[in-house]
Amino acid sequence: MATDHYDVIIIGTGAGGGTLAYHLAPSGKRILLLERGGYLPREKDNWDSRAVFVDSKYRAKETWYDRDGKAFHPGIQYYVGGNTKVYGAALLRFRREDFGEVRHHGGISPAWPLRYEDFEPYYTKAEHLYHVHGQRGVDPTEGPASAPYLYPPVSHEPRIQKVFDDFRRLGHHPFPLPLGILLDEADGKPLHTSACVRCPAFDGFPCLVNGKADAQVICVDPALEHSNVELLTGAYVERLETNPSGSVVTKVIVTRKGIVEEYSADIVVVSCGAINSATLLLRSANQRHPRGLANSSDVVGRHYMRHNCSALMAISKDPNPTVFQKTLGLNDFYFRSEDWEYPLGEIQMLGKTDGEMLKGEAPGWAVWKPEFALDFMAEHSIDFWLQSEDLPDPNNRVTINPDGKIVLNIQETNLEGHKRLAAKLKAMLTEIGCHDQLMSRSLYLGKSIPIAGTAHQAGTVRFGRDPKTSVLDLNCKAHDLDNLYVVDASFFVSIAAVNPSLTIMANALRVGDHLLERLGSA
Ligand SMILES: Cc1cc2nc3c(=O)[nH]c(=O)nc-3n(C[C@H](O)[C@H](O)[C@H](O)COP(=O)(O)OP(=O)(O)OC[C@H]3O[C@@H](n4cnc5c(N)ncnc54)[C@H](O)[C@@H]3O)c2cc1C
Ligand code: SF4
């Protein structure tokens, strides 16, 4: 059994862990990254819709269970870079109001213990780090920013520009979707210096040419250039052990290539994604922490959130030859609409649907839609992603069963606003004459919605001031332990209706500043 001691161990290399590693790397402290996955292979299948969406080639081969014991396969990826290897890189800030209490039709979205202003400097840093391309001042719901984006917005192709112009004509405020992408373009074409080539495989695919600003490319690879940073791949963290009083994590127990290894560090940071971080803490129960590590509050695993989402496809009379479609967002119904006093949510474009995706999506479709019709539909489709806030319910929770398998207990919350958002989009598309049919898509969400749709998991190890109602303090250190931190999306108190990753990245930079101070490296 190997043992080794570090200044910091970070478990998980996704949006949270990868960003933190990047921030701590120049300190010279000895840092060990433990990642259960390996590097995502670079191969032609990265851009193959069938391999990615139909055969789920890059998805973890894991079985989880719902509350009735029914098995399902979660939409989750285990690689260096975590789920950012396949994310759509829509990197938006929470709205300023999202940090306060928000009244929804389905209940209250609680206030965060920190304000937008506390996160703002870190949002700016995260946007710059992750090459966010965007434009301030177009989306009326956005909060104040201390600096402009470093990169211009990704240009719309003509069909999407027309949708943009048509929405504006109706009095709406579409905005260029802020995207983390390594794209240099002129006149809508990538320059010879650009890593990204503006291909159709942006959303949900890994990038074959490393043009996406994911946590591996942007953070883990540069962190590893520092000789004080080490990465072990295929290193599954089984559990964390503590000293007899339970106040300090003393051992990180890892299985790697079938062999059990032990590591230790002055500071241990968990960043396995909201579901796996909660289950790691629950698996690490001991005499001093009988309900799970850091779980005196009994909050670990509770308040699981994942957004209420829909993928919708408008079949337009005109063909849609767009290659890179994910360039438009609309927040006009974020807080309310003219006929509804509660929040509805956000509308954004999806990556472009192709015939292979439709053929793979629902075998039932092919019965009534011959294949050429599916290709026709894909050629004419304009694809939207709708996202609304679900609420933190203590009974929506992650647990482990006696065999150590993950169990997700979900009861949908706050659905009415989401239904109304879909109706708004439909009405807008009808007004601009852009669809004959609006169809729901399931491939992007996981094949059994909503439970397998784990892309936006959050909230299971929430932070707060009160150790009775939260697991982490404001620095994301466990209230119950002196050296345990959590920096993935599990610290969220609410999930808002924007994509989560920029907030995870910004928070990792914020916690990183605290850790540098604690380590005497600030
Ligand atoms: C198809 C798809 C599209 C998305 N699009 C967007 C988008 O456009 N915008 C956006 O903001 N977000 C998007 N997301 C969500 C985004 O990917 C996640 O919010 C983000 O990656 C979460 O970061 P994290 O650090 O919490 O966890 P992850 O990125 O999931 O990282 C967790 C890491 O921990 C590792 N790990 C887990 N358990 C263990 C263990 N026991 N031992 C060792 N390592 C472990 C995992 O392998 C993984 O690398 C998308 C996700 C998907 C799947
Ligand atoms: S659009 Fe750009 S970043 Fe996305 S997969 Fe294609 S080349 Fe990569």
Side-chain angles (χ1 to χ4, degrees), residues 10-20 33-38 40 46-47 52-53 58-60 74-92 130 154 177-183 190 194-217 220 232-239 252 254-256 270-277 279-280 283 306-307 323-324 326 348 350-351 385 387 443-446 453-458 486-492 495 498-505 507-508:
I10 301 173
I11 307 167
T13 57
T19 307
L20 179 66
L33 304 181
L34 295 170
E35 169 54 56
R36 71 188 289 175
L40 193 144
N46 288 177
W47 282 351
V52 173
F53 282 98
Y58 301 107
R59 197 178 270 198
I76 198 161
Q77 291 48 228
Y78 296 141
Y79 294 105
V80 177
N83 282 284
T84 67
K85 288 307 292 175
V86 301
Y87 76 163
L91 293 178
L92 294 104
Y130 277 86
V154 177
L177 195 61
L179 292 174
I181 191 164
L182 304 174
L183 173 68
S194 177
C196 168
V197 296
R198 272 196 84 119
C199 79
F202 189 58
D203 204 359
F205 295 83
C207 178
L208 178 55
V209 296
N210 283 341
K212 172 155 45 190
D214 64 45
Q216 178 220 320
V217 170
V220 179
L232 294 181
T233 56
Y236 177 73
V237 177
E238 300 276 356
R239 65 181 193 284
V252 177
V254 172
T255 306
R256 197 161 63 100
V270 173
S271 191
C272 300
I275 293 174
N276 277 297
S277 286
T279 53
L280 173 58
R283 277 201 305 276
R306 81 265 178 256
H307 281 139
V323 175
F324 188 98
K326 199 176 173 73
Q348 54 185 249
L350 266 177
W385 176 252
Q387 191 164 265
L443 265 195
Y444 290 96
L445 294 157
T454 52
H456 289 184
Q457 52 184 275
V486 183
V487 296
D488 54 38
S490 54
F491 84 99
F492 282 24
I495 196 167
V498 293
N499 316 53
S501 297
L502 190 73
T503 301
I504 304 170
M505 295 156 178
N507 185 58

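Atoms within a ligand are numbered from 1 in the order they appear, just like the ligands themselves.
- Heavy-atom distances between Gln457 and ligand 1 stay at or above 4.0 Å for every pair.
- Counting atoms of ligand 2 from 1 in the listed order, those under 4.0 Å from a heavy atom of Val197 are 2 (Fe), 7 (S).
- Considering each of Ala458, Gly82, Ala508, Ser501, the one bringing a non-hydrogen atom nearest atom 12 (N) of ligand 1 is Ser501.
- Not a single N, O or S atom of Cys199, from either the backbone or the side chain, sits less than 2.8 Å from atom 8 (Fe) of ligand 2.
- At a heavy-atom cutoff of 4.0 Å, ligand 1 is contacted by the backbone of Ala235 but not by its side chain.
- Here Asn210 has no heavy atoms under 4.0 Å from ligand 2, in either its backbone or its side chain.
- Polar contact check, Val86 against ligand 1: no nitrogen or oxygen pair lies under 3.5 Å apart.
- Nearest-heavy-atom check against atom 52 (C) of ligand 1 across Cys272, Ala455, Gly37, Gly81 picks out Ala455.
- Asn499 and Tyr87 share no donor-acceptor pair across their side chains, judged by distance under 3.5 Å alone.
- Remark: the Gln457 side chain and the Asn83 side chain contain no N/O donor-acceptor pair separated by less than 3.5 Å.
- Heavy atoms of Phe205 found under 4.0 angstrom from ligand 2: none, in either backbone or side chain.
- Asp488 and Ser490 form a side-chain donor-acceptor contact under 3.5 Å, judged by distance and modelled atom types alone.
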